[in-house]
There are 2 protein chains.
Amino acid sequence: MTEVDTRELRYFIAVAEELHFGRAADRLGIAQPPLSRAIRRLEHRVGARLFDRTGRGVRLTAAGEVLLAEGRAALDAVSAAVRRARRAGRPRRSLTLVMKPGGDAGLLPAILAAYAARPGAAAVDLVFSQSERAAMLRDGRADVGLLHHPQNDLTGLDTEPLRTERRVAALAEGHPLAARATLSLADLAGEPMAQWPEAAERGNGPRVEEAGQMWQLVVLGRAVALVTESAAERPYRGVVYRPVTDAAPATLVLAWPAESRSRDVAEFTAAARAALAPALTGQT
Amino acid sequence: MTEVDTRELRYFIAVAEELHFGRAADRLGIAQPPLSRAIRRLEHRVGARLFDRTGRGVRLTAAGEVLLAEGRAALDAVSAAVRRARRAGRPRRSLTLVMKPGGDAGLLPAILAAYAARPGAAAVDLVFSQSERAAMLRDGRADVGLLHHPQNDLTGLDTEPLRTERRVAALAEGHPLAARATLSLADLAGEPMAQWPEAAERGNGPRVEEAGQMWQLVVLGRAVALVTESAAERPYRGVVYRPVTDAAPATLVLAWPAESRSRDVAEFTAAARAALAPALTGQT
DNA sequence: CGGGCCGATACCCTGACGGTATGACCGAGG
DNA sequence: CCTCGGTCATACCGTCAGGGTATCGGCCCG
């Protein structure tokens, strides 16, 4: 049986996401008929129908659902392979760390210092992303990252827990709930929660793409936000913080691709572990 | 920048393994010039030289080394995606478990029973492999497997430790070392150790592909073998077992692809964990 | 210095992939 | 029941990427 090519996977994923051949073709920059043929050929190679063609649009079959999830991972792996090889070709040895601005709970300086102190440490480049950190680790745009568990999907990543934090609600000073000392999730149920792009659109709050927007909306009382307690250590004028007692705590983790064979990544994670060992033992 | 497709990666891996364009082209079933062009194009896309062309043959550059390791993982991920989708297209729900014959330390019946008792459990197909178990998990030929740590490379796999076993030497009854109650690795240094294909050829012992061959050679005194103690629970006529005190213990682990999102795999591993929980706590 | 080995280049040709036009099917609405 | 819009499939054609053959250029070795 002939091999499946990355182009076919990209085509399939486009259709699976759009659930519409025409729109998918449009997005891919090709016409619809070649796309139909490509999907048909792919179905033949896989040996299973991937879509149910109903008169109106299409639906994924069970096999299609599997191929969508696994195919995305596979394409990420291909991208990662190329990106990492490209980086390895540059004379400068570097390690790319991705984080959310301010999302290090204050631990990053110690980690970077511990790593830099090691002989043969590579330069650490910092990049920032709100909602694509896990994806960037998976497709090779970053080597290590600071994520939150269980808020981020850590599938395919190895992790080292750094610190577990309680979650607090950020409210405008004048907000009625600000009068309470602690809150529960039920108290927040009716409130407009800031919606990050990563979340499926299910909430009733305003969409935000960037932390500054979120804080602005919170100050204005247009949104409330659920953040980690370390965020509350950097007070934001006009915002008060109230613990949410029944919100699952967030664990800040250092994450890297599970299949990583990079010596630099191993060194970095070891340095982070060593740097934080006292704090961790003190915590547990 | 244009996308890298799987064919280019396969071509690259063939050259990287053969370190010879002619032989690689032969193996790929194409002529050498198109292969040279494809590699050159790939180097251009990656943005780094992948090979040092020395007059005699070629050598991998640092970027090439990275692309070899990562590219193999990427191709495995693509194969896995297709295989798993194909399986999901079959009406019969099944889970493929790969193991070495006898390599379950007697734990498999309990695990299978515990899983089968769960509502909605899928059928479990057993397949056997001596040296390709990890590769089969990575490329989708199997869903879960019984491996040994640290003897197997578990990169890219998630694992659940099942049982840690000491390692014992299997010797012919009349072997001089059989007179000793315990052995050390130094004692075995000069002995012909059975060589599995998975090991790089560095030993001085006979090659074996299958356990029966190994035992035969051990009985005949032509080889000694280092095995886990559970193997000694099934005595083999004419073979005696002696603990090797300084050999690193082997941990039998249940392993599955790290990126696995399959509900059946999750159920199976949970069942295994639950089934063995008493034994594990008793052990620690 | 000559021969053999190995990768690169030149040139051609086939077929796979993409485009346009059109067909087939389904559901909605009158 | 027929029509119409929407959606995916089929037919047919052109182009170019990728594969083949022939040959060159450089390097090592005798």
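Predicted, not measured: the structure shown is a model, and the values here were computed from it. Only heavy atoms go into these numbers, but all of them, side chains included; no hydrogens, no water, no symmetry mates.
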Return the value, rounded to whole Å, for the distance between atom CZ of A:R59 and atom C1' of D:dT7.
16 Å
In this structure, how many angstroms lie between the C1' atom of D:dT10 and the CZ atom of A:F21, rounded?
14 Å
Does D:dC8 have OP1 or OP2 under 4.0 Å away from a side-chain N or O of A:S36?
no
A:H20 side chain near D:dC8 phosphate (N/O to OP1/OP2, under 4.0 Å)
yes
Closer than 4.0 Å, any side-chain N/O of B:R53 to the OP1 or OP2 of C:dA8?
yes
Is it the case that more than 12 heavy atoms not belonging to B:R118 sit under 6.0 Å from its CZ atom?
yes
Between D:dG18 (P) and B:R10 (CZ): distance, integer Å
13 Å
Tell me whether the count of non-hydrogen atoms from other residues, nucleotides or ligands lying under 6.0 Å of CZ in B:R41 goes above 12.
yes
Separation of D:dA9 C1' from A:F51 CZ (nearest whole Å):
15 Å
Measuring to OP1 and OP2 of D:dT10, would you say a side-chain N or O of A:R40 lies under 4.0 angstrom away?
yes
With side chains defined as the heavy atoms from C-beta onward, is the minimum distance between A:T6 and B:V4 less than 4.5 Å?
no
Salt bridge between B:D5 and A:R7, side-chain N to carboxylate O under 4.0 Å?
no
To the nearest Å, how far apart are B:L19 CG and C:dC6 P?
13 Å
So do B:R141 and B:T96 actually touch side chain to side chain, heavy atoms under 4.5 Å?
no
Output the rounded distance in Å from CD (B:E18) to P (C:dG7).
11 Å
Specify the separation, in whole Å, of atom CZ of B:R49 and atom C1' of C:dA8.
11 Å
Reading nucleotides 19-25 of chain D 5' to 3', which nucleotides get B (base under 4.0 Å from a protein heavy atom), which S (sugar-phosphate only), which -?
BBBB---
Donor-acceptor list for residues 30-37 of chain A side chains, cut-off 3.5 Å, not counting sequence neighbours:
unit_1 : atom_1 : unit_2 : atom_2 : d
A:Q32  : NE2    : A:S36  : OG     : 3.0

note: B:D5, atom CG; D:dA17, atom P; distance rounded to Å ~ 13 Å
Ignoring hydrogens and geometry beyond distance, is a side-chain donor-acceptor pair present between A:S262 and A:D264 at under 3.5 Å?
no
